[in-house]
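The structure under discussion appears below in the form of structure tokens.
Every heavy atom of this structure was used, including side-chain atoms; hydrogens, water molecules and symmetry mates were not.
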Amino acid sequence: MENYNVKDLNLAEGGRRRMDWAQREMPVLTMLQERYRKERPFEGVRMSCCMHVTTETANLMRTMQAGGGADIVLTASNPLSTQDDVAAALVAQYEIPVFAIKGEDDETYYKHIHAALDHKPNITMDDGADLVSTIHKDRRDLIPGIVGGTEETTTGVIRLRAMAKDGMLAFPVMAVNDAMTKHFFDNRYGTGQSTLDGIVRATNVLMAGKTFVVAGYGWCGRGVAMRAKGLARTLS
Ligand SMILES: NC(=O)c1ccc[n+]([C@@H]2O[C@H](COP(=O)([O-])OP(=O)(O)OC[C@H]3O[C@@H](n4cnc5c(N)ncnc54)[C@H](O)[C@@H]3O)[C@@H](O)[C@H]2O)c1
């Protein structure tokens, strides 16, 4: 297998078990796995992906590679969200090269992005546009081989639209965040829930009775506000 950089391959078995657990809540991906096994739509296509290295992403990776036939490399889109056991499982049990270590510094983060680009992708999958902007800044030699890409999040779509407006975007990128199912569910309910979860885990604070301030009232902000309201104090 190609190069990879993860924290500890011995964590792999625990990571695989957590991937299986997450898969139980991912019925659409399970459906796609069955379909891809027959159709093999990505046979031989090289993909470089820059996404949160979590159980859910890992299941997407195994769907695209094991089922779809893609030749995939994964790097982290945020050093803080990397789950080291999942990174290990992808390398050791699914032969998917991963470059991600939780808490990696900025220099390592970009080294990992370059390592994923050494894969010479035909398709990019991005969550925040770091991969695509690195291609445009430092790796323009890759552009002729790229058919297109996907961009997951609001921030990335804003960055790419600005590049497109200036005539600087060299290949088409699908704005996944524009799909109703993405921003309705992921941004509003997903980010809403996980933000509250993060605050509770970090502080152990009782929410009922607190004054909760949300700055920015878009999809995520509304979701956080809704979830916080659900934990409010009631009088009866
Ligand atoms: N970590 C995750 O899993 C995850 C998931 C989805 C979105 N995101 C990120 O969350 C952020 C919000 O996404 P969204 O989909 O809610 O975007 P959005 O465009 O729907 O909402 C952003 C809101 O912030 C407001 N805003 C902008 N600047 C402000 C300022 N200075 N002060 C107060 N309000 C301001 C805007 O008016 C808008 O209402 C983005 O950075 C996005 O990339 C993260």
Side-chain angles (χ1 to χ4, degrees), residues 1-12 14-16 18-19 42-66 68-153 155-156 159-160 163 168-171 173-174 176:
M1 200 207 309
E2 241 174 287
N3 235 342
Y4 60 83
N5 193 16
V6 300
K7 186 174 178 199
D8 180 0
L9 286 183
N10 292 317
L11 301 172
R16 188 198 54 80
R18 292 201 312 107
M19 283 166 62
F42 303 108
E43 196 70 68
V45 175
R46 285 193 308 276
M47 289 189 185
S48 297
C49 308
C50 182
M51 314 189 83
H52 295 284
V53 180
T54 61
T55 49
E56 298 81 2
T57 297
N59 284 329
L60 175 64
M61 297 296 108
R62 69 172 162 181
T63 302
M64 304 293 277
Q65 175 147 313
D71 179 4
I72 278 186
V73 168
L74 175 65
T75 185
S77 63
N78 181 334
L80 299 178
S81 62
T82 295
Q83 297 172 354
D84 290 316
D85 57 345
V86 170
L90 284 173
V91 172
Q93 306 207 5
Y94 296 96
E95 299 195 2
I96 295 177
V98 179
F99 299 88
I101 296 172
K102 188 179 168 75
E104 64 196 18
D105 61 18
D106 228 38
E107 193 189 334
T108 312
Y109 177 77
Y110 280 99
K111 228 186 248 171
H112 284 167
I113 285 191
H114 278 282
L117 289 175
D118 290 342
H119 190 54
K120 297 191 172 56
N122 307 120
I123 291 180
T124 61
M125 283 175 104
D126 228 343
D127 190 336
D130 283 349
L131 200 63
V132 168
S133 52
T134 303
I135 292 170
H136 283 74
K137 207 158 50 95
D138 302 325
R139 303 292 296 268
R140 297 193 68 86
D141 55 303
L142 299 174
I143 290 172
I146 299 175
V147 182
T150 62
E151 169 52 51
E152 183 94 1
T153 205
T155 303
R159 287 173 75 181
L160 296 177
M163 286 169 72
M168 303 299 283
L169 189 61
F171 52 84
V173 182
M174 282 173 67
V176 177

ask   = Do other residues, nucleotides or ligands put more than 12 heavy atoms under 6.0 Å from K7 NZ?
value =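 No, because the 6.0 Å sphere around NZ of K7 holds 12 heavy atoms or fewer from other groups.
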Partner set under side-chain hydrogen bond (donor to acceptor under 3.5 Å, both in side chains) for [X], not counting sequence neighbours:
X	value
D85	R18
T55	none
N10	D8
N5	H112

message = How long is the straight-line distance from CG of D126 back to CD1 of I113, given to the nearest 0.5 Å?
response =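 If I round to the nearest 0.5 Å, the distance is 7.5 Å.
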request  = Working to the nearest 0.5 Å, report the span between CG of L9 and CD of Q93.
outcome  =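 Going from the CG atom of L9 to the CD atom of Q93 covers 10.0 Å.
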Side chains of residues 74-82: which donor-acceptor partners sit under 3.5 Å, not counting sequence neighbours?
unit_1, atom_1, unit_2, atom_2, d
T75, OG1, F99, O, 3.2
S77, OG, H52, N, 3.0
N78, OD1, L80, N, 2.8
S81, OG, H52, ND1, 2.7
S81, OG, N78, O, 3.2

ask   = With F171, which residues qualify under ring-ring contact (aromatic ring centres under 6.0 Å, His included), at least two apart?
value =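 ring-ring contact (aromatic ring centres under 6.0 Å, His included) check on F171 returns H136.
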Quick one, [X] and [Y] - any side-chain contact, counting heavy atoms below 4.5 Å?
X	Y	answer
I72	M125	no
M19	L90	yes
F42	M47	yes

Measure from the side-chain N and O atoms of [X] to the backbone N and O of [Y], and report whether any donor-acceptor pair falls under 3.5 Å.
X	Y	answer
T57	V53	no
E104	D106	no
E151	G128	yes
N122	G145	yes

From CA spacing to verdict: side-chain contact (heavy atoms from CB on, under 4.5 Å), T108, I101 = CA-CA 9 Å; T108 312; I101 296 172; 5.7 Å; no
request  = Can you tell me which residue pairs pass the salt bridge (Lys or Arg N to Asp or Glu O under 4.0 Å) test with a partner in residues 46-55, sequence neighbours excluded?
outcome  =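 Listed once each, the pairs would be none.
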request  = Provide the full list of salt bridge (Lys or Arg N to Asp or Glu O under 4.0 Å) pairs with a residue in residues 127-147, sequence neighbours left out, each pair given once.
outcome  =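 Every salt bridge (Lys or Arg N to Asp or Glu O under 4.0 Å) pair that includes a residue of residues 127-147, provided the two are not neighbours, is D118-R139, D130-R159.
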query = Does M174 have any side chain to side chain contact (heavy atoms under 4.5 Å, CB included) partners at least two apart in sequence or in another chain, and if so, which?
reply =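 Side chain to side chain contact (heavy atoms under 4.5 Å, CB included) list for M174, sorted by chain: T150.
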query = Which residues satisfy the side chain to side chain contact (heavy atoms under 4.5 Å, CB included) test with E43, sequence neighbours excluded?
reply =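 Checked E43 against side chain to side chain contact (heavy atoms under 4.5 Å, CB included); matches are R40.
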key: Worked check of side-chain contact (heavy atoms from CB on, under 4.5 Å) between V45 and M64   = CA-CA 10 Å; V45 175; M64 304 293 277; over 6 Å; no
